[in-house]
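Atoms within a ligand are numbered from 1 in the order they appear, just like the ligands themselves. Nothing here was measured: the structure is a model prediction, and the numbers come from that model. As a basis for the values below, the full set of heavy atoms in this structure was taken, side chains included, without hydrogen atoms, waters or symmetry mates.
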Amino acid sequence: MARTAVVVDQEYLKHFPGEGHPERPERIRVLLDLAGALDAQRFLLLPPRAAARSELETIHGADYVRLIESTSKHNQYALDGDTITCRDSFGVSLLAVGGFLKLLDAIAAGEARNGFALVRPPGHHALRNRAMGFCLFNTMAVGADYLKRAHGAKRVLIVDWDVHHGNGTQDAFYDDPAVLFISTHQFPFYPGTGAVTEVGAGAGEGATINIPLPAGCADAEYLHAFDEIVLPAAKKFAPEWILVSAGFDPHRRDPLGGMGVTEDGFAAMAQKLFMLAEESAGGRAAFVLEGGYDLAALRDSAAAVLETLQGPRSAPDRSAGSLQSGIQPLLRRIRQVHEKYR
Ligand SMILES: [Zn+2]
């Protein structure tokens, strides 16, 4: 059995949000090159399928799905100031969501132990009835809901390490105790949500954990946040599945983000989640690409995560070194806020 499945496809090149837009087709071009160089004995390459309308409508309103569909009649259509479609964008976004669902099915069927859907456009900002932040449909939210409905999952962990807060994903499961959503993100920053005090509501109170980090955080800060908040909460939750919104825009070379994470840092975070998946979730870990706008950083970081998904490695310890001031008090405050839900 190939250990790690990879979803990527030429079709993802066809979504074009306009000249000079950072979320550009070349992002997938470099990942196609990467996938083409992978050892077929170790990686299973999966072509995507299109998500069905009924699958989208578990998370999005029917009128909203029709609105996005209607954009395929226009050469260019601005859903908001920076979320722009072309004639192919609706079709490509169906393949982005469907590509992730295909990955989840492959893992559920035991065809692969874990995997990474290298898709675009990204999804984690998309709300039930609103496109925003380059995102049309919320791939992660549709995927997590699909696991509950199609595969009977009772506890799904979502970790979102994109530099931006995954407001759409948080919204989709805000009152749902079956989905634990944990996000690290730059704060204050786009889209403005993701404060420590956003903890979920109703039956889902406590099942949303936000780790809003100041600009300038690098591997050491991220890995401390993982060790002190993400992993203890995740272990207690005992997830059956681990899903990761893997944006590579916390990378130190990213032109949009203000963080300092390296390829080794992403690999170390992935390794912690890999180990947790092996302990708790029968190995089931599925990553989906969100942001990441420096092409070389994107390719190298995705390559580092894919290598990590093959099994534990002895990576250099990236958690060493002094922490930015304010990080330990922030992590303490997050623990305090969540203490009553333990
Ligand atoms: Zn982002």
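The side chain to side chain donor-acceptor pair (under 3.5 Å) analysis of residues 170-181, with sequence neighbours excluded, yields the pairs Lys148-Asp176, His165-Gln170, Gln170-Glu198, Gln170-Asn210.
Among the heteroatoms counted here (N, O or S) of Asp162, OD1 is the one nearest to the Zn ion (ligand 1).
Contact annotation: Glu290 places no N, O or S atom under 2.8 Å from the Zn ion (ligand 1).
With ring centers used as reference points, Phe134 lies 6.0 Å or more from His125. Ring centers of Phe248 and His251: at least 6.0 Å apart, outside the cut-off.
With rounding to the nearest 0.5 Å, the separation of CZ in Phe237 from CD1 in Ile182 is 9.0 Å.
At the Zn ion (ligand 1), the angle from OD2 in Asp249 to ND1 in His164 is 100° when rounded to 10°.
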